[in-house]
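Below is one structure; the comments refer to it alone.
Letters A, B, ... mirror the listed sequences (proteins, then strands); counts begin at 1.
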Amino acid sequence: MAGYSGKFLRINLSTGQIDQENLDIELAMKFIGGRGLAAYLLAQEIEPETEPLGPANKIIFATGPLTGSQAPTGGRYMVVTKSPLTGTIASSNSGGFWGTELKRAGYDLIIVEGKSDKPCYIYINDNTVQIKDAKKYWGKLVSETTDLLLQETGDSKARVLTIGPAGEKLALLACVMNDKYRAAGRSGVGAVMGSKGLKAIVVRGTGKLSSARDDETKKVLTNIRKKIRENDVTGKGLPTYGTSVLVNLINESGIYPTNNFQGAYFETADKTSGETLADKYLVKNVACFGCPIACGRYSRVDDVEGEGPEYETVWAYGADCGVDDLVAIIKANKWCNEYGLDTISAGATIACAMEMYEKGVIDSDEIDGPALKFGSGEAIVEWTRKMGAGEGFGAKLALGSYRLAEEYGVPELSMSVKKLELPAYDPRGVQGHGLQYATSNRGGCHVRGYMIAPEILGLPEKLDPSSIEGKAVWVKTFQDLTAVIDSLGLCLFTSFALGPDDYKDMFNAIVGQDWTTEALLEAGERIWNIERMFNLKAGISPEEDKLPRRLLTEPIPKGPCKGHVHRLPELLPEYYKERGWNEQGLPTEAKLIQLDIA
Amino acid sequence: MVVEVKLFATFREGRFNERELELPEESSLSDLLKYLKIPEKDAKIIIVNGLATSVEHKLSNHDVIAIFPPIAGG
Ligand code: SF4
């Protein structure tokens, strides 16, 4: 059936067993694919209390029905597993080319189970699937591993997904990298691969992917491409300056967190902005598979070059650590890519350590590297390297800010939700976005319902960021729509130019269905609830729908949002109601029946 | 009156990054955009003293004005 390969791989690394199984397409469509389908499968196949780094956890690499299609940005895939960082469901999204290659090889997804007793990698060449020895790659950085694996397999057109040394050493901030520079970044998914002894998955696929209704697809996609091209943001803003063009806007809006969220306005933000990056260090723009937007940046400074840094990275290592040295940020970003670390959590954990150090909680005798002082470019670069290499105090940092702060008896200094470090927007000045942080199924994350779009960017319409009125409905709608986009296999950035009807049109034309927009959004809601149920069963109670105390009680000290705190207690009951959950935040039986997941 | 104007992204090309400007009393944002030769429809986000506002907004002495073309990221 168009859109779905109809097959998936189940690979057990304990036994070496490799099975090709048929995908139940009806079931797949109920959860769309990608993130949604993988969440369902994970919930079915593992006990929610499973130890995330034990052999009973599974890790799923899932494409969506539009991955590899001609739909613009259709190159995305998801890594879904139980997170060792948060204990919640993890679903990390990545672009590049790997997802498309997997689909072309004939598989919608791969379920990896068990644990190999020695380092291994999986090589998929269309129908031939092998588990191979990876001893010589263990310990190697991401770019070298990628090059060597391409050499060994002898196919320069193959695509490589790998972990770096951070994942091997079970750093809880480890990500999964593909195509050298693209990251399934959050929730520690790289450590799950590491715990299984799985270094990499190399894929080569030569199949052709078709769409169900050629004429309709052509017509729909012509219209979609036009919308993306003519939209000011996707046609101009993102291609010209990349994501870090946001630095100045978020700063001028007074919601740009500085020094571990102690402030929200960074005087020298412009020194690290997308404009400065373009001026000084940009080599070229880069795009993921099938993407006309090309928001990626390839930068060079001294002997360091590669993709990035993205907006979030610039913030985490920049303002959040009080650093305005773009060269140091580019170097820290490079270490993250090479060692396989989530740039947001890694930078934010260093920021937390800096506050602890400056407050005297961490003693200078305890650390075997540069002083953890806000503003130190040297510190962000060297501590990132040490985190990646699991060296000395760096190994402690690599477990994330929550575990670090808790160990020292100051958990309130970890700016995280459900132990996942918050990204680059201070919720005290954007109420809807803060609600979304508190309720995101994977913890402190901005891309589960990007409320910055309406609250700051005015997309699709401008909302007052400091108001709480009507925000619960917006958050729910954005969360459900995002679940749809992730599950289809498209990039979230398309949503700056497209609306729900556009996704419905692409899905219908390519898969050959006649869904309504409501049905598609209901599938998004179903996915949201499946993830929520997984978390509840895993012991993540609704009490975890919260924000760090600082953001609820300490007003922003200066800048445009001076005096603001987040008003979560007022927002949460309305959100639960909008979701059809009870007052305690538990999905009701009626809601689960309505969504057909009771 | 004197206002501080900050320009971003493509608006910097051929103009400036940040500058103090002397404007006639009672000037509005619309007048400022005309002076800067920025078409109103292109100035998608305007922030005066930290608050997003529209082109009709009347300016006051010492206002800090940030003007952005349509941008996004994430
Ligand atoms: S918009 Fe950027 S991140 Fe999204 S698919 Fe295109 S290049 Fe990749």
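Summarising the local packing, CD of B/E4 is surrounded by more than 12 heavy atoms from other residues, nucleotides or ligands at distances under 6.0 Å. Counting heavy-atom neighbours within 6.0 Å of B/Y35 OH, excluding the residue itself, gives a total of 12 or less. The neighbour count for A/K226 NZ, taken as heavy atoms of other residues, nucleotides or ligands under 6.0 Å away, does not exceed 12.
Contacts of A/V245 with chain B are made by both backbone and side-chain atoms, with heavy-atom separations under 4.5 Å. Both the backbone and the side chain of B/A72 come within contact range of chain A, with heavy atoms under 4.5 Å apart. Using a 4.5 Å cut-off between heavy atoms, A/K462 contacts chain B through its side chain alone, with no backbone atom that close. Looking at B/I71, the atoms closer than 4.5 Å to chain A (heavy atoms on both sides) sit in the backbone and in the side chain alike. Using a 4.5 Å cut-off between heavy atoms, B/F68 touches chain A through its side chain atoms alone. B/A9 touches chain A through backbone and side chain together, each having a heavy atom under 4.5 Å away. Proximity to chain B (any heavy atom under 4.5 Å) is restricted, for A/D270, to the side chain, taken from C-beta onward. When heavy atoms are compared at a cutoff of 4.5 Å, A/I250 does not approach chain B at all. A/L457 touches chain B through backbone and side chain together, each having a heavy atom under 4.5 Å away.
B/G50 approaches A/P560 most closely through the heavy-atom pair CA-CB, 3.2 Å. When all heavy atoms are compared, the tightest approach of A/E252 to B/I47 is O-CG2, 3.8 Å.
The most heavy-atom pairs under 4.5 Å with chain B, out of A/I452, A/L459, A/T240, A/L249, come from A/L249. Taking chain B as the reference chain and counting heavy-atom pairs below 4.5 Å, the highest number among A/N248, A/I456, A/D464 is found for A/N248.
Put simply, the side chain of B/T10 reaches to within 4.5 Å of the side chain of A/Y241, judged on heavy atoms.
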